[in-house]
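Worth knowing before you read on, the calculation uses all heavy atoms, side chains too, and leaves out hydrogens, waters and symmetry mates. The chains referred to below are lettered A, B, ... by the order of the sequence lines, with proteins before strands, and numbering in each begins at 1.
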2 protein chains.
Amino acid sequence: MKRSVPLDELDYRLLDLVQRDAKRPLHELGDEVGLSPSAVQRRLTRLTEAGVIRSTVAVVEPRAVGADLLAVVLVALTDDDPDHHASFRRRMQDEPAVQQCYTIVGQWDYVVVVLTRGIEENRELSYRLFVDGGAVARYETLPAFETVKAGLTVPLGEGPGR
Amino acid sequence: MKRSVPLDELDYRLLDLVQRDAKRPLHELGDEVGLSPSAVQRRLTRLTEAGVIRSTVAVVEPRAVGADLLAVVLVALTDDDPDHHASFRRRMQDEPAVQQCYTIVGQWDYVVVVLTRGIEENRELSYRLFVDGGAVARYETLPAFETVKAGLTVPLGEGPGR
DNA sequence: CGCTTCACGCAAGAATCTTGCGCTGAACCG
DNA sequence: CGGTTCAGCGCAAGATTCTTGCGTGAAGCG
């Protein structure tokens with residue numbers, strides 16, 4: 001699950017395909033790239049074991065399950081104490097409503113994307129994560145008015161190294 | 001692909017499972033929730049046709065394909081002209097390097113998450129999307145130092161209506 | 001030139017998925 | 001209360017898909 005592997009053109013083509021739809025049968029992918037089903041399967045297995053493909057998941061429509069409020073939160077901690085950062089990260093990782101979290105450079109320390117059921121749950125969540133948790137100097141919540149694009153597909157460009 | 005369907009406890013359990021790993025065989029999912037493979041399959045089909053499950057995709061590790069620079073960009077347009085907004089959105093949707101894009105309330109109009117191969121590609125991209133495209137008053141790029149959490153799993157809570 | 005390696009296609013066997021069928025229990029009348 | 005309807009279930013057979021051993025050919029190397 002860790003070996004670094006050089007990827008060739010065919011690998012990129014396959015990644016591009018399964019990144020869009022992972023349910024297609026091997027022979028279809030094979031037809032598309034010009035390989036037999038078994039060759040496709042071996043490549044995908046190799047890519048998975050190498051960690052290039054992290055997992056295969058179902059993408060759920062948030063609104064269908066009541067999660068209708070997405071917000072981007074900018075966070076600054078009180079100081080650079082490694083313990084504070086560590087505990088903050090752990091909080092982010094443990095909280096299901098936190099979709100993404102990045103450390104950034106500049107006047108803010110973190111960008112956090114949270115997804116909740118309505119504004120009230122967002123308020124509770126913000127209090128729990130950014131006030132009650134401690135170590136947060138200030139935070140600014142930017143509620144999303146609309147989702148223009150929500151993807152997780154990695155841009156693959158032409159191929160190796162471009 | 002559109003009918004709204006009331007989801008019960010079992011649907012939530014199944015969504016929770018396939019959202020983590022969509023490759024598990026039906027009989028395994030069935031064992032976990034107490035259903036036969038065919039019942040599981042019928043439910044998943046129904047959820048897919050209802051649009052609750054949007055798709056099933058492979059999650060690719062960005063660094064494995066050379067995409068090593070993630071940045072959050074805050075964007076403000078020059079005005080509220082609907083045409084400007086429409087063309088901006090289209091640009092975001094058409095650009096593979098744009099991972100996510102949300103309209104937000106406040107002093108910025110959009111939050112855009114972009115993923116590129118290195119800083120040079122980011123610079124080119126920024127120029128192309130935010131300068132050359134027009135209609136952008138100002139933008140601020142917040143390069144991510146580190147990805148603390150990168151998920152797309154919708155928080156499902158307990159079940160219907162929380 | 002002979003040896004090794006690697007990825008391929010093929011095909012058989014295994015596993016999984018799909019669907020028709022009959023059953024059951026809950027909800028809904030009359 | 002008894003009959004009817006209907007949605008969802010499990011079962012099992014058939015179809016599809018996945019998996020893997022085997023033989024082959026194209027480099028790469030000594």
Out of D:dG10, D:dT19, C:dC17, minimum distance to the side chain of A:Leu26 belongs to D:dT19

Which one, C:dG9, C:dT18, C:dT16, comes nearest to the side chain of B:Gln41?
-> C:dT18

Whether over 12 other heavy atoms sit under 6.0 Å from B:Arg20 CZ = no

Atom-to-atom span, NZ of B:Lys23 to P of C:dC17 - whole angstrom = 11 Å

Roughly how many Å is it from CZ in B:Arg46 to C1' in C:dT19, rounded to a whole number?
-> 17 Å

A:Arg42, nearest nucleotide to its side chain (from C:dC21, D:dC18, D:dC22) = D:dC22

Considering only heavy atoms and no angle criterion, is a donor-acceptor pair shorter than 3.5 Å present between the side chain of B:Ser38 and the base of C:dC17?
-> no

Taking atom P of D:dC18 as reference, at what distance in whole Å does atom CG of A:Leu44 sit?
-> 10 Å

Choose from D:dC9, C:dC8, C:dT18 the nucleotide whose nearest atom is closest to any side-chain atom of B:Leu35.
-> D:dC9

Close aromatic pair by centroid cut-off 6.0 Å: A:Phe88 and A:Tyr110 | yes

Starting from P on C:dA15, measure out to CD on B:Glu28 and report it in whole angstrom.
-> 13 Å

Take the protein atom CG of B:Asp8 and the nucleotide atom P of C:dA26, then report the distance between them rounded to whole Å.
-> 15 Å

Heavy-atom pair with the smallest gap, counting every atom of B:Lys149 and A:Met92 = NZ-O, 3.1 Å

Does B:Asp11 come within less than 4.0 Å of B:Arg43, counting only side-chain N to carboxylate O?
-> yes

Report, as yes or no, whether the 6.0 Å neighbourhood of atom CZ on B:Arg138 holds more than 12 heavy atoms from other residues, nucleotides or ligands.
-> yes

Quick note, B:Pro25 side chain, CB onward, closest among C:dT18, D:dC9, C:dC17 is C:dC17

Length of the line joining B:Leu14:CG and D:dC9:C1', which is rounded to integer Å = 14 Å

Taken to the nearest whole Å, CD/B:Glu49 to C1'/C:dT18 is 13 Å

Starting at CZ of A:Arg24 and ending at C1' of D:dC18, how long is that distance when rounded to a whole Å?
-> 17 Å

